[in-house]
Protein chains: 2
Amino acid sequence: MKTAEQDPTKDAERPVGTRERIVRAASLLMQRQGYDGTGIKQISTEAGATLGSVYHFFPGGKQQLAVAAIGHGEREFADELRLTLDGAADPAQAMIDCAHRLAEGLRESDWIEGCPVTSTALGTAGRAPDIQEAAAAAFANWRDLVYARLRRAEIADDDARDLAHTVISTLEGAELAAQVSRSERPLLTAGRHLAQLIDLYGPTTDS
Amino acid sequence: MKTAEQDPTKDAERPVGTRERIVRAASLLMQRQGYDGTGIKQISTEAGATLGSVYHFFPGGKQQLAVAAIGHGEREFADELRLTLDGAADPAQAMIDCAHRLAEGLRESDWIEGCPVTSTALGTAGRAPDIQEAAAAAFANWRDLVYARLRRAEIADDDARDLAHTVISTLEGAELAAQVSRSERPLLTAGRHLAQLIDLYGPTTDS
DNA sequence: CTCCCGCTAGAACGAACGCTCTATCCAGTG
DNA sequence: CACTGGATAGAGCGTTCGTTCTAGCGGGAG
C-alpha cells in the first residue's frame, strides 16, 4: 500500500513517490556536503518537493531525515557489496574487485561522493544518538555480509569475524584517503593488501 | 619575533598567544563537530578571543582558519605517531601500539574526538580546494613517517610505500569505525592485522 | 610628550538556517 | 452531493551564520 502496487517490474525510474525522492536527495546531498552542510530547503528543492512535504513525511525533522538517508545509503552499498562478493571466485579476489568498484565510483563523481554514511555520521558525534545508531547499524550490516562470505570460504569463525572488521575499516579508510588525495591508489593498494591478509587465513590452514 | 622570544623552555602552557589559542580551539571544535558544524563565534568564545582577533589573524575567514586547524591537528598526531613508531622494537609491534593509543584517546574523549583532519575535510569536498590540499598534505606526511619506519626495518622500497598507504588508510578507517560503533574493537583488530601484514614483507624476504 | 600600529572589542549587516503554521488541493467514502 | 484526511504549498517565525566595520586599547619609537 505504501509503495509498489503498480508494477514490480525491474526498477522503474519514473513513478517515484515523494517520500522516496526526498530520502534519495537527502542521502546524496549529505554524502557530498555532510549533515550540517546540507539544508532542508536544499533537499526539498533538489527532490522536487516542498518544505511542507518534507515535514509531513519526517515530522522528526532533520535528524529523522538523516537517519532515513543513512538507511538508504546503507541499502545501496549493501546491494553492490553483495553483488561483488558473490561475483568473485574467492574472498581475496572479492576484495580487489570491491576496491576497484569503489575507486571507479569515486573517480566518476570527481572525488566528491565518498561513503554516504561517514559524512553524515561525522560531526554529529555526541549530538544525535539516532544518527549514530543508524551509522553503526550500517557498518554492522556491511560487516555481516563480508563475514558470511568469509565463512563460505571455509575460514574459521573467529578469524572471519575479525577479518570482517578489518575489511570494512580498511575499505572505509582507503575510500576516505582516496577522496582526500584525489587518487585511486589508496583503494587499489588496500584491496591488494586485504587479499593477501585473507589468504593468510584461507582454507590452507594446517596448524 | 612571531612567537618564542620569551622562553623556549619545554612546553609552557600559560603564555599562549591569541593566534595559537584560536587555532587550537578551531582544531578541537572542528574535530568534534566538523567544518560546517563549527561557528567562528563559537571558536572565538572557546579561545577566549574576540571576533575581531579572529579576523585580524585570519583575514581569509573560516577557510583559512580551517587550513590552520588542519595543520595543527596534523602536527599533533605526527608527534604522537613518531613517538610510537620509534618506541616499538619493530614496525609490526608499532602498529599494535599505535592502534592502542588511538583507541585510548577515542575512549577517553567518550568517542567524540576522532581524526582531526577527517571531520574537517569531509563535507568540504568540492567547495574548498585549500582545505582539501591541507588534508591531503597531512595524510601524506603521516604516510611518510610510516614509510621511513618501514624502510628502517629493511623492507623493500616499493613494498614500504604500498604498506604505508594501507597503514594510514586502515588506521583512519578503524578509528572511524571505532568512533561510530563506540568500541575499541575495530582499532585493536586492525592493529593486529596490520602487524601480520607487515610481517609478510619483513626482512625475511629471500626472493 | 606625541604619534603610530598591532591588536582587541563588539555592534551591525544581509543571508541562510530549522521549523511552525495556515491554506489549498484532491482522491476516496458516505 | 458534501465530507474527510493525506498530501502539497509556501509565507514567516526567531535564531544563528560568516563577514564587515568602526572604535578603542597599550606600549615602543621619534
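Letters A, B, ... are given to chains in the order of the sequence lines, protein chains preceding strands, and every chain is numbered from 1.
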Go through the steps to decide whether B:L106 and B:E184 satisfy the test side-chain contact (heavy atoms from CB on, under 4.5 Å), and finish with yes or no. CA-CA 8 Å; B:L106 205 49; B:E184 302 188 27; over 6 Å; no
Derivation of the side-chain contact (heavy atoms from CB on, under 4.5 Å) call for B:F58 and B:I22: CA-CA 10 Å; B:F58 302 93; B:I22 293 172; 3.9 Å; yes
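Atoms CD1 (B:I22) and P (C:dC7) sit 11 Å apart, rounded to a whole Å. Between the NE2 atom of B:H56 and the C1' atom of C:dC7 there is a distance of 5 Å, given to the nearest Å. Rounded to an integer number of Å, the gap from A:F58 CZ to C:dT20 C1' is 18 Å. Separating the CZ atom of B:R19 from the P atom of C:dT8 is a distance of 12 Å, rounded to the nearest angstrom.
Between A:T18 and D:dT8 there is a side-chain polar atom (N or O) within less than 4.0 angstrom of OP1 or OP2. At D:dT8, one or more side-chain N or O atoms of A:S53 fall inside 4.0 Å of OP1 or OP2 (strictly under the cut-off).
Side-chain contact check for B:T120 versus B:T38: every heavy-atom pair is 4.5 Å or farther apart.
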What's touching nucleotides 14-19 of chain C from the protein side, N or O pairs under 3.5 Å?
{"residue": "C:dG18", "atom": "OP1", "partner": "A:T38", "partner atom": "O", "Å": "3.2"}
{"residue": "C:dG18", "atom": "OP1", "partner": "A:K62", "partner atom": "NZ", "Å": "2.6"}
{"residue": "C:dG18", "atom": "OP2", "partner": "A:I40", "partner atom": "N", "Å": "2.9"}
{"residue": "C:dC19", "atom": "OP2", "partner": "A:Y55", "partner atom": "OH", "Å": "3.1"}
{"residue": "C:dC19", "atom": "OP2", "partner": "A:K62", "partner atom": "N", "Å": "3.0"}
{"residue": "C:dC19", "atom": "O5'", "partner": "A:Y55", "partner atom": "OH", "Å": "3.4"}

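The residues A:R75 and A:D79 are annotated as not salt-bridged, no charged nitrogen and carboxylate oxygen being separated by less than 4.0 angstrom.
Interatomic distance, B:L194 CG to B:S169 OG, rounded to the nearest 0.5 Å: 10.0 Å.
The local environment of NE2 in A:H72 is crowded, with over 12 non-hydrogen atoms from other residues, nucleotides or ligands closer than 6.0 Å.
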